[in-house]
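Worksheet: the structure to be examined is printed underneath.
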Amino acid sequence: MDDIDLTGEWLRGLLGTCALAALSRGSAHGYAVVQQLQAAGLGPIKGGALYPVLNRLERDGAVTAQWREGEGGPGRKVFTLTEAGRQHLASLRGAWAPFAETVGLLLDAPDAADAAGAPAPRSTTTVAPAPTSTATVVPAPTTTTSGDRS
């Protein structure tokens with residue numbers, strides 16, 4: 001499994017967040033967003049990965065898109081962060097540090113075989129638990145057979 005591109009795996013989950021952060025700096029067409037993300041050190045990002053994310057963000061109301069004439073070339077779809085997108089990004093920014101710390105603690109945790117001599121975790125920060133379900137658990141019906149002893 002060492003040959004897996006982990007940066008790509010992580011980026012797939014965070015590409016929408018990163019695109020919102022790039023667009024918070026100003027309106028941009030998709031290629032400009034790719035350039036910003038690459039300049040930030042996220043590595044190569046293909047349009048085939050980014051454009052579906054931008055289209056989803058548009059459907060969700062986080063960004064708007066407008067076709068503009070290209071300078072000496074074809075027109076471009078320019079994306080702009082909406083107020084709802086800014087609010088969503090602010091929420092993501094606030095949740096990032098606890099999430100990253102939790103993942104860090106999981107990654108730093110010793111394997112089960114090494115647990116006996118493991119040092120204590122580095123942090124005592126806790127993350128709020130996920131909301132609990134309000135679903136009612138119904139026990140499975142029990143059946144008896146003539147061979148049961150009670």
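FYI, side chains are in, hydrogens and waters are out, and symmetry mates aren't considered; it's all heavy atoms of this structure.
- Applying the salt bridge (charged side-chain N to carboxylate O under 4.0 Å, His left out) rule to Arg93 yields no partners; only residues at least two apart in sequence or on another chain are considered.
- Here the closest non-hydrogen pair linking Leu15 and Ala49 is CD2-O, 3.6 Å.
- Pairing each heavy atom of Pro98 with each of Ala95, the nearest pair is CD-O, 3.3 Å.
- Sorted by first and then second residue, the pairs that involve residues 57-66 and meet salt bridge (charged side-chain N to carboxylate O under 4.0 Å, His left out), not counting sequence neighbours, are Arg56-Asp60, Glu58-Lys77.
- Contact between Ala84 and Gly61 at its shortest, heavy atoms only, is CB-O, 3.8 Å.
- Contact detail for Leu89 and Ser24: the closest heavy-atom pair is CD2-CB, 3.6 Å.
- Of all heavy-atom pairs spanning Leu54 and Val63, the tightest one is O-CG2, 3.9 Å.
- Atom CD of Glu83 is surrounded by more than 12 heavy atoms from other residues, nucleotides or ligands within 6.0 Å.
- Leu106 and Trp10 are not part of a single hydrophobic cluster, where members link through side-chain heavy atoms under 4.5 Å apart.
- In this structure, CD1 in Ile45 is found 12.0 Å from CZ in Arg12, a value given to the nearest 0.5 Å.
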- Task: Apply the test side-chain contact (heavy atoms from CB on, under 4.5 Å) to residues Leu57 and Leu23: give CA-CA distance (whole Å), side-chain angles for both, the deciding distance (0.1 Å), then the verdict.
- Result: CA-CA 11 Å; Leu57 292 171; Leu23 290 170; 5.5 Å; no

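- Each of Val34, Leu11, Leu14 was checked for a side-chain contact (heavy atoms from CB on, under 4.5 Å) with Leu42, and the lone residue meeting it is Leu11.
- Here the CG atom belonging to Leu81 is positioned 11.0 Å from the CZ atom belonging to Arg25, to the nearest 0.5 angstrom.
- Side-chain N or O atoms of Thr80 include none that pairs as donor or acceptor with a backbone N or O of Thr64 at under 3.5 Å.
- Note that OH of Tyr51 is 7.0 Å distant from CZ of Phe79, once rounded to the nearest 0.5 Å.
- Contact detail for Val78 and Ser27: the closest heavy-atom pair is CG1-CB, 3.8 Å.
- Scored by the side-chain hydrogen bond (donor to acceptor under 3.5 Å, both in side chains) test, His29 finds Arg76 as partners (sequence neighbours excluded).
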